[in-house]
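Values in this document were obtained by computation on a predicted structure and should not be read as measured data. Here is how names work: the chains are called A, B, and so on, in the same order as the sequence lines, proteins then strands, and each is numbered from 1.
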Protein chains: 2
Amino acid sequence: MLRLSKLTDYATVILSFMAKDDLQVHAAMEIASVTGIALPTVSKVLKLLVNAKVLISTRGAKGGYTLAKEPSKITVASVISALEGPIALTECSISQQGCEQASGCGIRGNWSLINQVIHNALESVTLADMIKPTHAQDVVRRQEVLIPVASLYR
Amino acid sequence: MLRLSKLTDYATVILSFMAKDDLQVHAAMEIASVTGIALPTVSKVLKLLVNAKVLISTRGAKGGYTLAKEPSKITVASVISALEGPIALTECSISQQGCEQASGCGIRGNWSLINQVIHNALESVTLADMIKPTHAQDVVRRQEVLIPVASLYR
DNA sequence: TTATTGTGGACCATTATAGTACTGTTTAAA
DNA sequence: TTTAAACAGTACTATAATGGTCCACAATAA
């Protein structure tokens, strides 16, 4: 369904929480309790975000995670690719290998065009955009009770 | 990986074949042998495309499938949603139900914006666009050997 | 009436995903 | 120097989604 994974969804929730007080160090435990996502799962997501250089980690006591850049420089595209690998709708868009062989297939070239459009769309939205309210109604609703993300998936 | 399913990929291959001689009726068997996709799988895809009103089917002997509209009026978005359901990146974009409850979550409103952008991108590309060569190099390569799609997935 | 062709549903094997656990490494602080 | 806090890496399991196949049924042209 052209859907992104739960982990990616979690990542956006986690990052938007961290973006609220940029620069501050957050431990995995803290993030888990605030977001309502289980600790091991939070850990997994954070690790992936560190590998993708979206976050910076500090080991040891008083350690934790910080944003690697300011929210306005973290793109949605980078978050998605951190969690799900390269953004590419079709198999052949990733491995040029397979595509070369099936070069007779005219369509495949055009998929890359579509990929480009989508990638641009995701590249143009940043974490800073994600945390600011879009619609008037959302502003109103923001004052309501905050429900843990995990409860959505049940 | 934000990837669309194999079946969707097959659908584009099948549709692009059918678009070459619009109006003509093609039996599932014929399509299977031309594309190199197994007959049962082709059938499955065709059935879904009929349900989504992308194709029209004729039963009985000499029956088969035809495009329901001209290629320039069949959008990539309609093909994708035929195979994979509604195009929506996040869970809450589909079921307003769950989203209402978690209205405190500020991010979710912004996902719908991204969804919109992507949907528009996919809506703007038609089957007619898919079958015409995009890049100069593709035109050259088009003369090479044609390899069945199925072989890409192995 | 018969052969041909699509329809609908059910089914199973394979793979991907989500979630968890465990062991190791680093470092602040006592 | 020791200890506890916190991240790192890897491996594992259960569940769900996907891909692929098959069969009994319905429709239609010859």
So which nucleotide from C/dA18, D/dG20, D/dC7 ends up closest to the side chain of B/Lys6?
D/dG20
Can you tell me if the side-chain N/O atoms of B/Tyr10 get under 4.0 Å from OP1 or OP2 in D/dT18?
no
In whole angstrom, what separates B/Glu84's CD from D/dA17's P?
14 Å
Between the base of C/dG19 and the side chain of A/Lys44, is there any donor-acceptor pair under 3.5 Å?
yes
Does any donor-acceptor pair link the side chain of B/Lys47 with the base of C/dG6 at a separation under 3.5 Å?
no
Rounded to whole angstrom units, what separation is found between the CD1 atom of A/Ile56 and the C1' atom of D/dA6?
17 Å
Using the side-chain heavy atoms of B/Ala28, tell me which of these nucleotides is nearest: C/dG6, C/dG8, C/dT20.
C/dG6
Take A/Ser16 and A/Lys20 through the side-chain contact (heavy atoms from CB on, under 4.5 Å) test and state the conclusion after the steps.
CA-CA 7 Å; A/Ser16 75; A/Lys20 278 173 195 162; 5.5 Å; no
Between D/dG20, C/dG19, D/dA6, spot the one nearest the side chain of A/Ala27, thanks.
D/dA6
Both A/Gly63 and B/Pro40 contact DNA chain D. Taking the nearest nucleotide for each, which residue is further toward the 5' end?
A/Gly63
Quick one: label B/Leu46 by what it contacts on the DNA or RNA (base, sugar-phosphate, nothing), any heavy atom closer than 4.0 Å.
nothing
Output the rounded distance in Å from CZ (A/Arg3) to P (D/dA16).
15 Å
How do B/Thr41 and A/Val50 order along DNA chain D: which one's closest nucleotide is nearer the 5' end?
A/Val50
Short N/O separations, protein against nucleotides 28-30 of chain D, under 3.5 angstrom:
{"unit_1": "D/dT28", "atom_1": "O2", "unit_2": "B/Ala61", "atom_2": "N", "d": "3.4"}

N/O donor-acceptor pairs under 3.5 Å from side chains in residues 68-81 of chain A, not counting sequence neighbours:
{"unit_1": "A/Thr75", "atom_1": "OG1", "unit_2": "A/Ser78", "atom_2": "N", "d": "3.0"}
{"unit_1": "A/Thr75", "atom_1": "OG1", "unit_2": "A/Ser78", "atom_2": "OG", "d": "3.3"}
{"unit_1": "A/Thr75", "atom_1": "OG1", "unit_2": "A/Glu123", "atom_2": "OE2", "d": "3.4"}
{"unit_1": "A/Ser78", "atom_1": "OG", "unit_2": "A/Thr75", "atom_2": "O", "d": "2.7"}
{"unit_1": "A/Ser81", "atom_1": "OG", "unit_2": "A/Ala77", "atom_2": "O", "d": "3.2"}
{"unit_1": "A/Ser81", "atom_1": "OG", "unit_2": "A/Ser78", "atom_2": "O", "d": "3.3"}

Nearest heavy-atom neighbours spanning B/Leu67 and B/Leu15
CD2-CD2, 3.8 Å
How many Å lie between CD on B/Glu30 and C1' on C/dT4, as a whole number?
15 Å
Holding to side chain to side chain contact (heavy atoms under 4.5 Å, CB included), I want the full list of residues that pass it with B/Lys62, two or more places apart in sequence or in another chain.
none
Checking A/Leu7 now: which residues fulfil side chain to side chain contact (heavy atoms under 4.5 Å, CB included) with it, not counting sequence neighbours?
A/Ser5, A/Tyr10, A/Thr41, A/Lys44, A/Val45, A/Leu83
Mind listing the closest non-hydrogen atom pair of A/Leu127 and A/Ala19 along with its distance?
CD2-CB, 3.9 Å
Under the side chain to side chain donor-acceptor pair (under 3.5 Å) test, residues paired with B/Thr126 that sit two or more places apart
B/Asp129
Spacing between B/Leu4 atom CG and D/dT18 atom P, to the nearest angstrom
12 Å
Given atom CD1 of A/Ile37 and atom P of C/dT20, what is their separation to the nearest angstrom?
11 Å
What ring pair (Phe, Tyr, Trp, His ring centres under 6.0 Å) pairs are there with at least one residue in residues 46-76 of chain A, not counting sequence neighbours?
none
Could you go through residues 23-32 of chain A and list every donor-acceptor pair under 3.5 Å that involves a side-chain atom there, pairing it with any protein atom two or more places apart or in another chain?
{"unit_1": "A/His26", "atom_1": "ND1", "unit_2": "A/Glu30", "atom_2": "OE1", "d": "3.1"}
{"unit_1": "A/His26", "atom_1": "ND1", "unit_2": "A/Glu30", "atom_2": "OE2", "d": "3.1"}
{"unit_1": "A/His26", "atom_1": "NE2", "unit_2": "A/Asp21", "atom_2": "OD1", "d": "3.1"}

Between D/dG19, C/dA18, C/dG6, which one does the side chain of A/Ser5 approach most closely?
C/dA18
Give A/Leu7 one of three labels, base, sugar-phosphate or nothing, depending on what nucleic acid heavy atoms sit under 4.0 Å from its own.
sugar-phosphate
Whole angstrom is fine here: how far is it from NE2 in B/His26 over to P in C/dG6?
12 Å
D/dA8 phosphate, OP1 or OP2, under 4.0 Å from A/Ser57 side-chain N/O
yes
Rounded distance (Å) that lies between atom C1' of C/dG19 and atom CG of A/Asp9:
16 Å
Residues passing the side chain to side chain contact (heavy atoms under 4.5 Å, CB included) test with A/Ala61, sequence neighbours excluded, are none
If we fit an axis to the first five pairs and another to the last five of the helix from C/dT1-D/dA30 to C/dA30-D/dT1, what angle do they make, to the nearest 10°?
10°
